[in-house]
Each structure stands twice: as C-alpha cells, then as structure tokens.
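One structure is given below, encoded as structure tokens.
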Amino acid sequence: MPLDILVYMSEGAKITYDAHAIEARRQAAWRERDAARTPAVLDDQPHLYIKPSAPFTSGNVHMGHVRSYSIGDAYARFRRARGDRVLFAFGFDAFGLPAELGAIAGGVPPSEWVTRCAEHMTGQLQRLGFSFDWERAFMSSDPVMYRWSQWLFLSLLEAGLVYRGTGNVDWCDTCQTTLATIQVEDGLCWRCHNPVRLIERPTWYLRISAYTQENDQRLDELAAGGRWDEVALASQRFVLGRVDGVEADLSAGAGGPALTVFTPHADALELARFVLISPKHPEIDAWASDAGVRERLEELRSGGLERSSRDARSIALIDTGRSLPAPAGDGWLPVLISPAVDGRFGATAVLGIPEHDRTDEVIAERLPELLTASRGTAVVDASAGAGAVSPPRPAVRYKADDFSISRQRSWGTPIPIVYCETHGAVPVPKEQLPVLLPLDITPTGAGNPLAELSEFVHTTCPLCGGPAERETDTLDCHFDALWLWVPVAVPPESREETLEEILALGDLRHWLPSERVVAGSDSGNFVFDQRIVTKALRDLGPLAFLADGEPFAGCLFHEMVISDGRKMSKHLGNVVDPDALVERYGADTVRLAVLYAARPQKTLNWSDSAVLRAHRFLTQVWEFSQARIAAAEQLAAGEPGEGADAAPLTDTSEHLRLKLSQWCEKGAEKITEDLEGLEMHSAVRNVMRLFDRIKDFDKRVVARQGALSRADSDALLEALALLAQLLGPFAPHMAEELWLALGNDESGPQTPWPGVSLQAVA
RNA sequence: GCCCGGGUGGCGGAACGGUAGACGCAGUCGAUUUAAAAUCGAUGGCCUAGACGGCGACUGUGGGUUCGACUCCCACCCCGGGCACCA
C-alpha cells in the first residue's frame with residue numbers, strides 16, 4: 001500500500017467504506033429532492049417509460065426481484081443521467097392463490113395479508129435504493145385499480161372477445177372446493193389428502209385467436225426496432241406457436257363428412273396414414289355422433305382420461321369409426337380424436353405422417369390395436385366409395401389458444417356479471433363499477449367463501465330489477481396483468497377519476513408505449529396476452545393512439561437466479577436471502593454483484609465470489625478515491641504529505657496522462673454502448689477494467705517520478721469523477737457520494753452521464 | 001415428448017474464429033495484528049533448489065468446415081428450467 005494512503009488512514013476512519021452510512025445518507029437526500037419523481041409531461045422533451053415487472057405480494061423480496069430491478073434500475077438511472085425524462089414505477093400484483101394460501105396459513109383476511117407483504121417488500125426495495133416513483137405504486141387489489149379489470153372484462157365481452165364456455169377443474173368432494181394444480185399432490189387434496197377428481201364447469205374465456213395473426217405479423221417490426229431482445233422475441237414466437245404447412249379439404253363423398261386437414265410436411269402428403277382431430281375442433285360434434293364415440297369424448301372432456309399424460313405413448317386416442325380419402329388420392333385414412341393435436345397445432349385437424357414425425361410414429365404403432373378393437377380390423381376399408389380431395393394450399397396454424405380467465409377463488413377481481421332468472425347472464429353496467437369484493441372474508445381452504453356470502457351473492461338484475469345472483473367466480477390475476485402496465489402512466493392525483501376521464505388524459509399518449517419492459521423470462525405468456533389486448537383496445541378506441549397495438553417498444557427477459565445449480569427453494573436449503581447480503585455488504589454491493597455475475601439473458605448461478613468481488617471493488621474505489629482527493633487537497637495547499645515531499649521537479653508523465661484520458665474516453669464509450677443494449681454484465685466489467693487502468697496510471701507515475709505532479713493529480717481526479725459517473729447506474733449511492741466529494745453538486749435526479757449536464761427536472 | 005438455457009481447473013466463471021482458463025472464490029506462503037477477523041502482497045499442472053529452463057495435458061462425446069475451433073456446422077450424451085387454475 002502506498003505510504004500516503006497509510007498516512008491518511010492514520011488520521012481516522014474517514015476513508016473507510018461504510019456502505020450503510022453512505023446509503024442512508026444518499027437515500028435521505030433522494031427523498032429530500034424527490035429524485036425518482038416522474039417528471040411533468042412535456043411532449044417535446046425526450047422521455048420514456050421503463051416497465052419493471054409487477055411483483056406478486058409474496059411476503060419477501062427474493063434474489064430474482066433483486067436481479068430484475070437491478071437491471072431495470074440501472075437502465076432507468078442511465079437514461080436519467082443522459083437527460084431523458086423517465087417514468088419508472090410499478091404496482092403490486094396482489095390478487096391470486098398464494099395470497100389466499102398465505103391468509104389461510106396466517107388466519108387473517110387476504111387483504112390484510114397482502115397489505116403487510118407490500119409494506120414489508122416496499123421497505124426492502126427502498127433499502128436497495130431502486131429509483132421507483134413510489135407515489136405511483138399501487139395494489140391491484142385496490143377497488144380503484146380492479147375496476148379497470150372489470151371494465152376491461154365488460155369491454156371485451158361486448159366485443160365478443162370474452163365468452164363463456166366450459167372447462168375442467170380439479171375438485172375435492174371433501175372440502176367442496178376447486179383446487180389449483182399446485183394444490184393437488186399425487187392426485188390427493190393438499191388440505192384433506194382425499195382423492196381429487198376432475199369436473200366440468202362453466203368458465204369464462206379470453207378469445208386471443210382474434211389477434212394471433214396480427215401478433216405474428218408485428219413480430220418482424222418489433223425485431224426491426226432493435227429494442228426487443230432475441231430471447232424475448234423467441235419466447236413470443238414460442239407462445240404463438242406458428243407452424244407453416246399446407247391444408248387440404250378431404251371429403252368422404254356426397255353427403256359424407258368433410259374436414260380441412262393440415263400438415264407441416266407439405267412434401268409428404270402421400271405418406272399420410274391417419275387423421276388426428278382435436279377434441280376442441282369447432283366441428284368435432286359431427287365426428288362424434290356415434291353414441292360410443294360421443295361417450296368417450298365426454299369422458300375425455302370431463303377428465304376421465306388422464307389429464308396429465310402428454311406422452312404420445314399414452315395420450316388419449318379415440319377412433320371415430322370414420323375415414324377420409326388420403327390427400328394424395330391413394331386409399332383411406334382413419335379419423336381419430338386426440339388432444340395430441342392441441343399442444344402442437346392448436347384446435348385443428350392434422351394428417352398423421354409417421355415417417356416424418358416422432359409423435360405420429362408412436363401413434364401409428366398404437367393404431368392397429370386400436371382399430372382392431374373399434375372396427376374389428378386393422379385395415380381401413382378402401383371401398384367406401386369415391387371421396388373428394390382438394391389440391392393442397394399453403395396454410396398456417398397457431399398453437400396459442402384461448403385461455404380461461406375465471407377462478408373459483410374468493411381473492412380476486414369479482415366478475416361483473418349477474419345471473420337473472422329471466423335474462424340469464426347479464427353484464428353489470430359500467431357506471432355501476434366497481435363490483436366490490438367483500439374484505440371480511442377469512443378463507444379456510446374449504447368451500448367457496450364468496451359464494452357463501454349471501455349479501456354478496458343476492459342482488460337484482462340490472463335489466464328487470466328482479467332477483468339475481470352474482471357471478472362468484474373471480475378473475476384470474478393473469479387477467480389483471482393484461483392492463484397492469486397502464487396505471488402507472490396515470491398521474492396519482494387522477495387515479496380516482498372516472499375511467500373515461502383517465503383514458504382521455506394526455507399522460508397515456510405521452511408515456512405509452514413503454515420503451516422497455518424488463519421482466520423475468522417466465523413472463524412470455526403475460527407479454528403475449530398484453531400485446532393481444534392492446535390491439536383489442538386499439539380497435540375499441542381507448543388505445544387508438546397505439547397504431548400498431550404494441551404496448552412495449554422494447555423488451556428484455558432476464559433469466560432466473562439459481563443456487564448450487566438448482567432453483568432456490570426452502571426444501572433444498574439453498575435460498576440466498578437478499579436482506580442478509582444487504583445487511584452485510586450494503587445495497588450497492590448486492591446490486592453490483594447480481595449485474596456482474598452474469599449477463600441478463602443467462603441463468604445466474606449464485607456464488608459468493610461475485611458479491612465478494614463486488615464488495616472489494618467498491619471498497620477499493622472508495623478508499624483509493626478518498627485518499628487521492630485528500631492528497632490533492634494537500635498538494636493544493638502546498639503542504640505535501642510525508643510520501644509526497646519529493647514532489648517531482650520535472651513533469652515526465654505527459655504521455656501517461658494522455659494514455660489515461662484515452663482509456664477513459666474508450667471506457668466511457670464502451671460502457672455507454674453496453675448500457676444502451678442493457679448489457680449490464682459487460683458494462684460492469686468495463687467499469688472495473690477502467691478502475692484498474694486508473695490505478696495503473698497512478699502506480700506508473702509514482703514509479704517513474706516518485707509522486708504525482710499537480711497535472712497528474714488533476715488528471716487522476718478527473719478520471720475518478722468519470723468513474724463515479726459511470727458507476728452511477730450500478731452503485732448509485734456510492735457513485736453520488738464520490739461525485740459530491742469530487743466537488744460536484746446534487747441538483748439533478750442523478751449523477752449526470754459524461755458529457756451531459758443535468759438540471760433539476762421539474 | 002416438446003421449448004429454452006447450459007456443460008471450460010477444487011469452485012463461480014472469462015474469452016465467442018487467432019497465446020484457453022481473464023477476473024474472482026477457496027487453498028498455500030508472506031505482511032499487518034497481542035491474537036483473531038478484516039485488509040494487502042505473492043502463488044496456482046508436472047519436473048527442477050529455482051527461473052524469462054524442460055515436459056505434458058486440457059473447453060461433455062464423436063464427426064465435419066478451417067492455415068487455425070471453447071467459439072461455426074452435423075449427430076449424440078448429460079445437467080438445469082419451463083410446458084396453460086403458481087405467478
């Protein structure tokens with residue numbers, strides 16, 4: 001260690017890196033000057049909305065959150081540092097099963113449970129120093145918020161994009177309740193350990209098929225925009241599940257059934273051996289008119305056949321007993337019903353081509369036995385008559401399917417529907433929203449508490465005023481998420497206004513679409529459906545200003561944080577607790593470590609070495625900078641410290657200073673580029689490299705001429721100021737503290753980016 | 001079965017067509033310390049007392065492209081995550 005640092009250290013603890021003190025000081029200062037406040041809407045100024053994921057009120061911030069928000073916050077701070085006006089805020093996704101389970105475990109109403117969780121998590125996130133605009137934070141379980149879900153439900157219902165169908169759910173007879181998949185353990189109820197059975201019941205669906213094609217077409221534009229990460233685009237393609245191929249109309253002859261069949265193997269039509277039709281195919285009933293077939297189809301629908309089996313060796317296969325002419329005009333193909341179609345091609349009918357498709361190959365092996373059982377022969381009768389086959393034409397199928405949005409749960413947005421004896425299902429008029437969810441429910445896990453609450457259930461019909469019952473299903477929180485990207489763009493003071501007033505606000509036009517969503521890679525489905533619904537709302541009017549119907553101009557999906565090569569879980573005992581890390585090393589270290597440890601798109605296998613490395617780095621930057629600042633002060637005051645009393649007579653290090661400035665320039669350039677592309681891992685590494693260069697400069701000058709000249713010292717401090725600026729997005733507390741120590745002030749929202757001068761944003 | 005990642009020292013991981021193992025962790029040695037922790041420095045295959053001396057191996061496996069492959073292509077094996085009432 002150079003002597004002057006030792007001397008300086010002896011003066012006291014001033015230069016010791018005390019992360020907790022620094023962080024408390026900076027966070028107080030940020031609160032004081034409202035640094036993360038969303039700037040006023042000024043359309044002619046550069047501005048952007050960065051959307052973090054809406055955390056579920058799970059009770060604790062985990063490493064995945066820390067990772068997600070460290071990436072988003074670094075980007076937000078970077079953009080602010082460059083002078084952009086940034087909206088960076090989120091709301092809690094507070095409805096859902098885990099809240100209900102948490103409430104059951106705690107014996108409290110879910111509303112209380114989520115409020116407590118949100119308060120605790122807010123404290124954790126604030127301690128980490130994320131620059132969210134907390135004034136805009138919200139809870140999705142707040143009536144002012146969930147009235148949006150109800151409004152959206154009704155709007156989509158009017159447009160025919162929400163419809164009522166039937167679905168299968170797991171049901172426990174003992175507890176008289178439906179169960180989610182995770183509540184079923186080895187076919188038994190999680191609560192009473194009795195067997196569970198699948199039942200069929202009415203369910204509300206969201207019709208996404210209306211916009212799947214447009215979602216597909218827009219992908220190319222999103223890719224061309226350059227702000228969608230490759231992995232995120234791939235997830236959208238995967239959710240969409242586009243398959244290109246050909247289709248042909250097969251007809252069994254005059255009066256006989258006909259079917260349009262699809263195959264991705266356009267060049268192998270002559271190898272088709274059977275036809276598979278989805279149980280959800282719109283024309284399925286025409287193929288299941290025989291009593292035996294109908295019975296088996298019902299069995300399949302109501303779950304009598306194994307629901308979990310996706311394996312081609314055991315997946316349900318029902319012979320319709322009918323045949324269709326082969327598309328290549330050679331013989332007849334048996335027609336079979338199987339859910340094996342859905343997962344790959346959607347609710348359609350496909351040709352089975354064993355020679356080109358592994359699944360078809362396995363099914364073909366089961367065919368002789370099946371046909372013998374149902375038709376008495378394994379050979380399809382080819383003398384059935386003259387069939388008709390159209391020429392094949394190019395066609396596309398999408399795997400993405402309508403999804404069920406209603407849940408038999410008491411902790412969710414009430415579905416604004418009442419059932420009237422005379423009028424059936426009647427939508428609640430929009431002006432009567434919100435339909436309030438009773439808050440004094442303490443679920444036990446049995447029954448349906450909402451359905452048992454007569455003051456909620458019994459109401460009157462909006463059409464005739466007669467007696468009616470409310471829908472007691474609630475909306476899946478996936479449905480809430482469809483609009484959860486919008487409300488932070490609404491100024492907090494307008495939040496209570498009517499929806500019409502809110503939708504007319506210039507703020508929405510100003511901030512939407514979001515410049516970038518930063519979320520976990522498991523958000524692919526959410527984002528897909530948000531893109532669907534944005535297009536619906538564009539066509540319905542409220543979001544007409546989003547011409548392409550895209551809510552997110554950019555998107556980054558980061559991978560998860562694991563530990564010991566496995567997902568973190570209490571069961572495995574490999575959970576890393578962010579609070580403990582913050583307590584030990586400080587927020588800056590933890591944030592820097594998660595960014596440093598892996599690029600966002602890669603799974604981060606947690607290792608203490610990253611946090612140790614980050615901590616040592618920050619400690620060194622701090623101590624080195626403080627020592628050099630002190631030395632420069634002594635130099636300026638003409639009282640050289642002990643180590644520097646041999647102040648150089650001649651200045652021989654001009655070429656080193658030149659080199660230093662080149663390093664700085666190049667480093668800043670590279671880090672800027674990294675941040676523009678959200679390559680946080682690379683950016684942090686480059687910051688560390690730059691610091692090594694700065695230390696190297698110092699070392700070489702001292703080796704050469706014994707001490708720093710005035711010019712050397714100035715150059716060094718300039719380099720350290722630059723380093724503080726570049727560190728701002730990653731370790732904001734320490735960066736700002738250094739920036740101030742180097743003689744700058746804290747007028748703007750953020751330490752400015754090199755070359756940018758920031759003024760307080762009003 | 002399908003989709004997405006990934007397989008490099010004791011460990012986490014660099015490099016992404018040009019000296020593999022950057023940077024770190026752990027280990028060892030040293031400095032500081034009454035001591036410990038923390039910190040700093042040195043060290044990191046084998047041979048040699050020691051080296052800017054000698055020797056050898058090496059990026060899951062098998063092929064291929066190339067003057068040259070961790071990197072690109074093909075086939076396979078293994079690990080992790082996901083696959084629609086968890087969010």
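Just so we're on the same page: letters track the sequence lines, and every chain starts at 1.
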With ring-ring contact (aromatic ring centres under 6.0 Å, His included) as the test, pick out the partner of A:W204 among A:F153, A:F403, A:Y163.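 So, applying the ring-ring contact (aromatic ring centres under 6.0 Å, His included) to A:W204 and each of A:F153, A:F403, A:Y163, only A:F153 qualifies.
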
Which nucleotide in the set [options] lies at the smallest distance from any side-chain heavy atom of [X]?
| X | options | value |
| --- | --- | --- |
| A:F403 | B:rG24, B:rA84, B:rG13 | B:rA84 |
| A:S404 | B:rA22, B:rC85, B:rC86 | B:rC85 |
| A:F238 | B:rA87, B:rG12, B:rC3 | B:rC3 |
| A:P98 | B:rC86, B:rA15, B:rA84 | B:rC86 |
| A:R613 | B:rA87, B:rG81, B:rC23 | B:rC23 |
| A:F56 | B:rC23, B:rG82, B:rA87 | B:rA87 |
| A:R407 | B:rG24, B:rC85, B:rG6 | B:rC85 |

Side-chain N or O of A:N605 closer than 4.0 Å to phosphate OP1/OP2 of B:rG13: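 So the side-chain polar atoms of A:N605 do come within 4.0 Å of the phosphate oxygens OP1 or OP2 of B:rG13, strictly under.
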
Under a 3.5 Å cut-off for both contacts, is [N] paired Watson-Crick or G-U wobble with anything, and if yes, with which nucleotide?
| N | answer |
| --- | --- |
| B:rC55 | B:rG45 |
| B:rG1 | B:rC83 |
| B:rU39 | B:rA31 |

From [atom1] of [X] over to [atom2] of [N], roughly how many Å is that when rounded to an integer?
| X | N | atom1 | atom2 | value |
| --- | --- | --- | --- | --- |
| A:L240 | B:rC4 | CG | P | 14 Å |
| A:H681 | B:rC16 | NE2 | P | 11 Å |
| A:R599 | B:rG13 | CZ | P | 15 Å |
| A:E559 | B:rC4 | CD | P | 12 Å |
| A:I532 | B:rA84 | CD1 | P | 19 Å |
| A:F526 | B:rC83 | CZ | P | 12 Å |
| A:K567 | B:rG81 | NZ | P | 8 Å |
| A:Y585 | B:rU39 | OH | P | 9 Å |

When the C1' atoms of B:rA22 and B:rA14 are compared, how many Å lie between them, rounded to an integer?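 It works out to 5 Å between them.
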
What interatomic distance, in whole Å, is found between C1' of B:rA20 and the corresponding atom of B:rG30?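 These two C1' atoms come out 30 Å apart once rounded.
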
So [X], base contact, sugar-phosphate only, or nothing? Heavy-atom distance under 4.0 Å.
| X | answer |
| --- | --- |
| A:S406 | base |
| A:M560 | sugar-phosphate |
| A:D93 | sugar-phosphate |
| A:Q620 | sugar-phosphate |
| A:R616 | sugar-phosphate |

Could A:D473 and A:R201 be called an ion pair, given the rule that one side-chain N must be under 4.0 Å from one carboxylate O?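 So A:D473 pairs with A:R201 through a salt bridge.
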
